[in-house]
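Below is one structure; the comments refer to it alone.
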2 protein chains.
Amino acid sequence: MAAGDPIEEVLIAAGRLFGQLGVEATTMSKLAAEVGLGQSSLYYYFRNRDEVVAALVARANVVPLELIEGLVHGDGIVPLKLYRFVRGDVEALCGLPFDINEIHRIAGRQRDRFADYWQERALLDRRLTSLVRAGVRDGSLRDIDPRLASATILASDEGTQNWFRLRPQPARRVADAVARITIGGLVAPGIDIDEIASEA
Amino acid sequence: MAAGDPIEEVLIAAGRLFGQLGVEATTMSKLAAEVGLGQSSLYYYFRNRDEVVAALVARANVVPLELIEGLVHGDGIVPLKLYRFVRGDVEALCGLPFDINEIHRIAGRQRDRFADYWQERALLDRRLTSLVRAGVRDGSLRDIDPRLASATILASDEGTQNWFRLRPQPARRVADAVARITIGGLVAPGIDIDEIASEA
DNA sequence: GTCTATATCTGGATAGAC
DNA sequence: GTCTATCCAGATATAGAC
């Protein structure tokens, strides 16, 4: 996080360029120019271009993982926890300079190279799935397939980035809307999603 | 659609390669090899590489547009129409060989070049928004912002492609799950989403 | 640490023979 | 229509001076 750390500076610039130009179109020259270095100077900090991508990818799952870990150990009924997760996740995603889906796709095409990413991602999925399962068991959620529901939650969180960029809005407002709709579709008939939303 | 049409063959191969390698990594040489031509022979059919991309992009909005046009003029309450839209859209997306989100992003970075795409996209958004608005008016949907809801619906439809590819499942099953959750979060308290789902 | 210079490669695109 | 040959631009990466 140190402002003077060149590696950190490069990664911040890389995130910005990934968002503007796309990952593939972000070349070492452009990246170097962005931080005021010569093209070849980047190789002092990174072995190659892929290492820059890998360094950014490594951070992609940190926020949602910390978020859900904090929630499962906290208080509240399952729908409330899920609401908070979705809202926090969407809000964090909307704040990223680059598109998580693009990272996702690149990591998907090189599964072994990004093995760490996929492990964390699988862990996130497991945590979310078991949270949903708990909700189905205690009756606060409908009787849906927890794995399918978990995947759908993550999908809509990430999909939101796609249109958020096209039509910028206050991130919190978007996050609340997505959470309300997504979790509203999961709660058991007796439970009022609006009450959950105002409590969260 | 003619099997012997070289242009059609190239586009089908392009879709496949876009999915496997990504759009940027799909070169004219690879594409030519895929259809059994020399690299330069492609230039007989397409002026340049972007034209291949544009030809595929042009088709991206056709299915969901036809889908919603058919629904708005048909029978049924709004939630039922929305359920059918989401299910149909997700099912179609899961059947595509390439990732619509990648196309989306490429078109987003060159708005003027893909002006047609964005016009159709805007039309789709308007149709969906007004369908949601109708539902809010007649009380079959909750009192949510129609524009925000419409965007969220499209986002989760498209986001689904992201994980569907990672963990392949029967497309219809996935589509039903997404539709049930998404529309379930929109219907007014009195309406049972399970009833809608079984009717659809 | 950062630079200049350079080797090497790959892809897009055109010209012109067949 | 499809090919071969070729040009050109841009990108990765390394070597070695400062």
Side-chain angles (χ1 to χ4, degrees), chain A residues 1-58 98-99 102-103 105-107 109-110 112-114, chain B residues 1-58 98-99 102-103 105-107 109-110 112-114:
Chain A
M1 294 291 167
D5 181 3
I7 294 192
E8 193 60 30
E9 266 184 64
V10 170
L11 289 180
I12 290 173
R16 202 164 46 232
L17 287 180
F18 284 1
Q20 280 167 21
L21 316 168
V23 177
E24 319 269 354
T26 300
T27 68
M28 293 300 254
S29 332
K30 286 174 189 158
L31 183 49
E34 191 80 2
V35 295
L37 282 178
Q39 176 256 139
S40 66
S41 300
L42 287 184
Y43 290 84
Y44 178 79
Y45 299 102
F46 299 91
R47 225 177 291 276
N48 50 49
R49 190 180 163 281
D50 277 5
E51 212 169 77
V52 182
V53 180
L56 264 182
V57 168
F98 54 87
D99 189 328
E102 195 170 3
I103 298 292
R105 201 158 310 106
I106 286 167
R109 289 186 182 122
Q110 306 175 63
D112 39 343
R113 180 170 190 100
F114 296 104
Chain B
M1 293 290 167
D5 181 3
I7 293 192
E8 194 59 31
E9 266 184 63
V10 170
L11 289 180
I12 290 172
R16 203 164 45 232
L17 287 181
F18 284 1
Q20 280 167 20
L21 315 167
V23 177
E24 318 269 353
T26 299
T27 67
M28 293 300 256
S29 331
K30 286 173 189 158
L31 183 50
E34 191 80 1
V35 294
L37 282 178
Q39 177 256 137
S40 66
S41 300
L42 287 184
Y43 290 85
Y44 179 78
Y45 299 104
F46 300 90
R47 225 176 290 277
N48 50 47
R49 190 180 163 283
D50 277 6
E51 212 169 79
V52 182
V53 180
L56 265 181
V57 167
F98 54 87
D99 189 327
E102 196 169 2
I103 297 292
R105 199 156 22 253
I106 286 167
R109 288 186 184 122
Q110 303 175 66
D112 39 342
R113 182 172 189 96
F114 296 104

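Per chain, numbering begins at 1; letters A, B, ... match sequence-line order.
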Donor-acceptor pairs under 3.5 Å, side chain of residues 17-24 of chain B to any protein atom, not counting sequence neighbours: which ones?
none

### Task
For DNA chain C, determine which residues of residues 42-53 of chain B have any heavy atom closer than 4.0 angstrom to one of its atoms, and list them numerically.
B:Tyr43, B:Asn48, B:Arg49

### Task
Can you run down the salt bridge (Lys or Arg N to Asp or Glu O under 4.0 Å) pairs that involve residues 27-44 of chain A, sequence neighbours left out, and say none if there aren't any?
A:Arg16-A:Glu34

### Task
List in chain and number order the residues that pass side-chain hydrogen bond (donor to acceptor under 3.5 Å, both in side chains) with B:Arg113, two or more places apart in sequence or in another chain; answer none if no residue qualifies.
none

### Task
Rounded to the nearest 0.5 Å, what's the gap from CD1 on A:Ile12 to CG on A:Leu56? Could you check?
9.5 Å

### Task
Please round to the nearest 0.5 Å and tell me the distance separating atom OH of A:Tyr45 and atom CD of A:Glu8.
13.0 Å

### Query
Considering residues at least two apart in sequence or located in another chain, which fulfil the salt bridge (Lys or Arg N to Asp or Glu O under 4.0 Å) criterion with A:Glu102?
B:Arg105, B:Arg109

### Query
What distance do B:Leu37 atom CG and B:Ser29 atom OG have between them, rounded to the nearest 0.5 Å?
12.5 Å

### Message
Looking at every non-hydrogen atom in both residues, tell me the closest pair between A:Phe114 and A:Val53 and how far apart they are.
### Response
CZ-CG1, 4.2 Å

Sort me out a list of protein N/O and nucleotides 3-9 of chain D N/O pairs below 3.5 Å, or just none if empty.
from  : atom 1 : to      : atom 2 : distance (Å)
D:dC3 : OP2    : B:Gly38 : N      : 2.5
D:dC3 : OP2    : B:Ser41 : OG     : 2.6
D:dT4 : O4     : B:Ser40 : OG     : 2.6

### Summary
Sequence neighbours excluded, the answer for side-chain hydrogen bond (donor to acceptor under 3.5 Å, both in side chains) partners of A:Arg49 is none

### Query
So which of residues 22-32 of chain B are in contact with DNA chain C, with a heavy-atom cut-off of under 4.0 Å?
B:Thr27, B:Met28

### Task
Would you name the heavy atoms of B:Val52 and B:Leu31 that are closest together and state the gap between them?
CG1-CD2, 4.1 Å

